[in-house]
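In what follows, a single structure is set out as structure tokens and then discussed.
Throughout, protein chains are lettered first and strands after them, A, B, ... in sequence-line order, and every chain is numbered starting at 1.
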2 protein chains.
Amino acid sequence: MLSKKTKYGLKALSYLALQKDRQPVPIAEIAKHENISQKFLESILLTLRKTGILGSKKGKGGGYYLIKAPKEILMTDVMRILEGPIAMVPCVSLNFYEKCEDCPNEGTCSVHKLMLQVRDSTLEIYRNNTLADIVK
Amino acid sequence: MLSKKTKYGLKALSYLALQKDRQPVPIAEIAKHENISQKFLESILLTLRKTGILGSKKGKGGGYYLIKAPKEILMTDVMRILEGPIAMVPCVSLNFYEKCEDCPNEGTCSVHKLMLQVRDSTLEIYRNNTLADIVK
DNA sequence: TGCCTACTCTATTAAATCCATAGGGTAATA
DNA sequence: TATTACCCTATGGATTTAATAGAGTAGGCA
């Protein structure tokens, strides 16, 4: 299942992508428009800022804004930041690889074989979608 | 993440698929060979039996066995039984559809749009893989 | 300067899920 | 009839998720 964190994060990014200009948008406005708990959203936007997706401005007229153009923001990056590894098992993860303790041989493991295919096809989707694509 | 339940279930099915004949295999044997907690495996095999994937035989010489040939067992079925919905959000699920409370319009929802693609590509993988394919 | 706004951080908690274990009961076969 | 192996219930620890609360900090503008 997709976590609410990821879901809310994607919705917030989409909302920002739909702004006419790149002026900062207050958290409260995003939270209200997308039906998200403001405090929860705060922590999500913070992560997105720290990882270079968003910028922020404090004080009156402040808020969050996209640093790059929507078509430059890849879903692979966003999903990894918000949801974590794309692979369903660590032994097929590109960025978070870990060996399975219980599995003597990855080469002959049926789970490994299946999950490798799932990872590849999912990755393909994320690579072919930018923020601009999903708000269209 | 893939649950251990699914992982163990797939491993058990693979082990059964690799048997020469279709004689019942005791839980203890599967558990030992695949490094799985026997009691936990019991509940998993039980589910697989109740949903028509496995058959069982009690008493001496008993155990679990595949009801159909490995190439007749689709991963779509197995994954839905063990892991649940294939979709990452209920609003794009074929078999477990639910409307999102917080989402006013699915047609314009960016999360919906992205997750629909992910579901389709994942489903494609599961449809193209039988138990026979993943043990090869 | 001083106040207001909005971001930032820490801590806590309720709820849900996952994984595993334990123990006893029941059915079938040699 | 005794053994083997399936079947069922329930319990609990661990982890994660989602949300809430409250205090603190920094920037903008009068």
Return the value, rounded to whole Å, for the distance between atom [atom1] of [X] and atom [atom2] of [N].
X	N	atom1	atom2	value
B/Y65	C/dA28	OH	C1'	13 Å
B/L46	D/dA5	CG	C1'	13 Å
B/L45	D/dC8	CG	C1'	15 Å
B/I44	C/dA20	CD1	P	8 Å
B/L41	D/dA5	CG	P	14 Å
B/E101	D/dA19	CD	P	10 Å
B/N35	C/dA20	CG	C1'	15 Å
A/E83	D/dT16	CD	C1'	12 Å

Distance in Å, [X] [atom1] paired with [Y] [atom2], rounded so as to fall on 0.5 Å steps:
X	Y	atom1	atom2	result
B/I125	A/M115	CD1	CE	10.0 Å
A/R80	A/Y126	CZ	OH	10.0 Å
B/I53	B/L66	CD1	CG	9.0 Å

Would the distance check show the side chain of B/K99 and the main-chain N or O of B/P104 forming a donor-acceptor pair, the cut-off being under 3.5 Å? no
Under 4.0 Å, heavy atoms only, any strand: does B/K50 hit a base, just the sugar-phosphate, or nothing?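 Sugar-phosphate only.
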For A/I27, which contact category applies under a 4.0 Å heavy-atom criterion: base, sugar-phosphate, or nothing? sugar-phosphate
Short side-chain N/O contact to [N] OP1/OP2 from [X], under 4.0 Å:
X	N	answer
A/Y8	D/dA19	yes
A/S37	D/dA18	no
A/S56	C/dT8	yes
A/S3	D/dT16	no

How are the rings of B/F40 and B/Y8 set relative to one another: parallel (under 30°), tilted (30 to 60°) or perpendicular (over 60°)? perpendicular
Of the listed C/dT8, D/dC7, C/dC19, the closest approach to the B/F40 side chain comes from C/dC19
Compute whether any side-chain donor of one residue and acceptor of the other, for B/Y15 and B/E29, lie under 3.5 angstrom apart.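 The answer is yes; a qualifying pair exists.
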Just by distance, with hydrogens left out, do B/S93 and B/E98 show a side-chain donor and acceptor under 3.5 Å apart? no
Which pairs, protein N/O on one side and nucleotides 21-28 of chain D N/O on the other, fall under 3.5 Å?
unit_1 : atom_1 : unit_2 : atom_2 : d
D/dG22 : O6     : A/K39  : NZ     : 2.3
D/dA26 : O4'    : A/K58  : NZ     : 3.2

